[in-house]
There are 2 protein chains.
Amino acid sequence: MPETHLIDTFLRKLELRDTLTVAEREALAACAESESDYPAGADLVREGDRPLESMLVTRGFTTRYRDSADGNRQIGAIHVPGDFVDLQSLILKHMDHSVGALSDCHVVKFPHSRLTALTREHPHLTRLLWLMTLIDSSIHREWLFAAGRGAPEQLSHLICELYVRLAVTDLVVDQRFNLPMTQVELGEALGLSAVHVNRTLQQLRSEDLFTWQGQEVRILDWDGLRRRAQFDPTYLHLVSEPR
Amino acid sequence: MPETHLIDTFLRKLELRDTLTVAEREALAACAESESDYPAGADLVREGDRPLESMLVTRGFTTRYRDSADGNRQIGAIHVPGDFVDLQSLILKHMDHSVGALSDCHVVKFPHSRLTALTREHPHLTRLLWLMTLIDSSIHREWLFAAGRGAPEQLSHLICELYVRLAVTDLVVDQRFNLPMTQVELGEALGLSAVHVNRTLQQLRSEDLFTWQGQEVRILDWDGLRRRAQFDPTYLHLVSEPR
DNA sequence: CAGGTGGACTAACATTGGTTATTTCCGCCT
DNA sequence: AGGCGGAAATAACCAATGTTAGTCCACCTG
């Protein structure tokens, strides 16, 4: 059984939204069955799969994506360490998209049989797992709303989102974080061509809002960036509520 | 208490995905508390609200939308009769977007207190409610994936989706259905200008895939339309599975 | 019946973003 | 040190979509 500290980041994310009892923490930890590693570029699950377990990424970045008929890849979400990448397959059963590793990843696996049993005994914890899938949904909605705006808004919005989501883990230090994405992948996520991503990055660079060297993003002017992106973190639901 | 037949369409949607026991049907019906009407153009819930009940639309079409800073409205989803429009607020608590009526609507309201009690006593029904919110999520993802493609693909994809979703109600007759949206609203949903929606409609009309007169859409060539839209209904999860 | 309104449609022009091809840069391997 | 390969950057040109500014028509209302 995986060491329990591996799921600490996920538990912290839950506890930002509501309080957990000791019994709930233990019940959840007891659902973890195994671990594995995936190299950058590998698929964790594929469209069409019927997973029998859900995966929590403890290290590395992943994307939800689909390859379209004309050979293009469209990325629909980015997951950071401490996120479940396919918790929804517990309920939906059938994968309507794939999940791929952006960097080398370490994951902990939770068999659906155990999670289903959990939903019978822990209604409150069930609502919190439901919550986490709804936050994913909320992020999708936000991306949709952002898709209407221009490329610079969209790109800076993505930086804002990742900054806030990583800030609740220990992966932002001194306004800097690692983001293992190429400009091509960024384009796939924003629905833009790689060339236009490059153009847009140049433009944003000239506005001194952030830097992006190698894989390191550094926020220079958070308020300016937020304004540029029209970023309002409400949709991340980073608020503790009795649920 | 609202008459139980009002929620029949919703129950049918659940039963397309899994079997319900009589007790579950009754427990759900018992959660309905009140009804009300909204005229076209009214908001059912607004961004920032903290609803104490969730609404099931029994008649009429609604949208999830947000007004952006520059005065534009972006529509993120369309709901048809028999859909819960804000079931997610049971868990998320805080509305990060608004829901507006596209046409005159009749809704049945389910207090969160009763639904929360339901989650304590009916884990299987809880998973089915969870499922319905995940299908919304899946639709969001699909719209994101579609956003990368061109305008004609996107527009025909929307027609396909609504056709399939309405077909499971009794609102499609003889390949025809009513769609109470203007070209402006269509543009808000697709992230296109109204002018471009018009251009795109003309183009699709010339391909004889469907007609759209007044508010009536009529499918002329379903296979052709599906191909044009690269439409694959998998993401609607219209499959019965033990969940 | 006249006037007003909202929605569909059109045209001309401006802008954004896509495509293709080439070059530069930089880390890494031998 | 040399060379290879992936990613970033650049340039020129092209296609898709947005903007503005209308017209036209059906329907409603006074």
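Just so it is clear: chains get the letters A, B, ... in the order the sequence lines come, proteins before strands, and each one is counted from 1.
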Colleague: Tell me the interatomic distance from B/Glu188, atom CD, to D/dG18, atom C1', rounded to whole angstroms.
Modeller: 15 Å

Colleague: What are the two closest heavy atoms between B/Cys105 and B/Phe61, and how far apart are they?
Modeller: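 Minimum heavy-atom separation between B/Cys105 and B/Phe61: SG-O, 3.6 Å.
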
Colleague: Atom CD of B/Gln202 to atom P of C/dA8: distance rounded to whole Å?
Modeller: 12 Å

Colleague: Indicate yes or no: at least one non-hydrogen side-chain atom of A/Ile139 is less than 4.5 angstrom from one of A/Leu236.
Modeller: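 In short, these two side chains touch, coming nearer than 4.5 Å.
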
Colleague: Does A/Val195 or A/Arg149 map to a spot on DNA chain C nearer the 5' end, using the closest nucleotide for each?
Modeller: A/Arg149

Colleague: Counting the atoms with a prime plus P, OP1 and OP2 as sugar-phosphate, which does B/Gly187 contact under 4.0 Å by heavy atoms, base, sugar-phosphate, or nothing?
Modeller: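 No contact.
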
Colleague: Using atom CD of A/Gln203 as one end and atom C1' of D/dA9 as the other, report the distance to the nearest whole Å.
Modeller: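 Interatomic distance, CD of A/Gln203 to C1' of D/dA9: 16 Å.
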
Colleague: Where the side chain of B/Arg205 is concerned, which of D/dT17, C/dG17, C/dC9 is the nearest nucleotide?
Modeller: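 The closest nucleotide is C/dC9.
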
Colleague: B/Ser138 and A/Asp96: side-chain donor and acceptor closer than 3.5 Å?
Modeller: yes

Colleague: Of the listed nucleotides (D/dA9, D/dT17, C/dC9), which one gets closest to any side-chain atom of B/Asn198?
Modeller: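 The closest nucleotide is C/dC9.
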
Colleague: Return the value, rounded to whole Å, for the distance between atom CD of B/Glu153 and atom C1' of D/dA15.
Modeller: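 The distance from CD of B/Glu153 to C1' of D/dA15 comes to 14 Å, rounded to the nearest Å.
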
Colleague: What is the separation between atom CG on B/Leu179 and atom P on C/dG7, rounded to the nearest whole Å?
Modeller: 14 Å

Colleague: Under 4.0 Å, heavy atoms only, any strand: does B/Leu201 hit a base, just the sugar-phosphate, or nothing?
Modeller: nothing

Colleague: Does the pair A/Leu201 and A/Phe210 meet the rule for a side chain to side chain contact (heavy atoms under 4.5 Å, CB included), with working shown?
Modeller: CA-CA 10 Å; A/Leu201 271 173; A/Phe210 63 89; 4.1 Å; yes

Colleague: Give the rounded distance in Å between these two atoms: NE2 of B/His196 and P of C/dT15.
Modeller: 18 Å

Colleague: For a quick check of understanding: with a heavy-atom distance under 4.0 Å over all strands, which category does A/Ser193 fall into, base, sugar-phosphate or nothing?
Modeller: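 Base, at least one base heavy atom under 4.0 Å.
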
Colleague: So A/Ala151, base contact, sugar-phosphate only, or nothing? Heavy-atom distance under 4.0 Å.
Modeller: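 Here A/Ala151 touches the backbone only, sparing every base.
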
Colleague: Whole angstrom is fine here: how far is it from CZ in A/Arg199 over to P in D/dA12?
Modeller: 13 Å

Colleague: Send over the distance from B/Gln215 CD to D/dA26 C1', rounded to a whole Å.
Modeller: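 The answer, rounded to whole Å, is 14 Å.
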
Colleague: Hey, is CZ on A/Arg227 packed in by over 12 heavy atoms from elsewhere, all under 6.0 Å?
Modeller: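 No, the 6.0 Å shell around CZ holds no more than 12 heavy atoms from other groups.
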
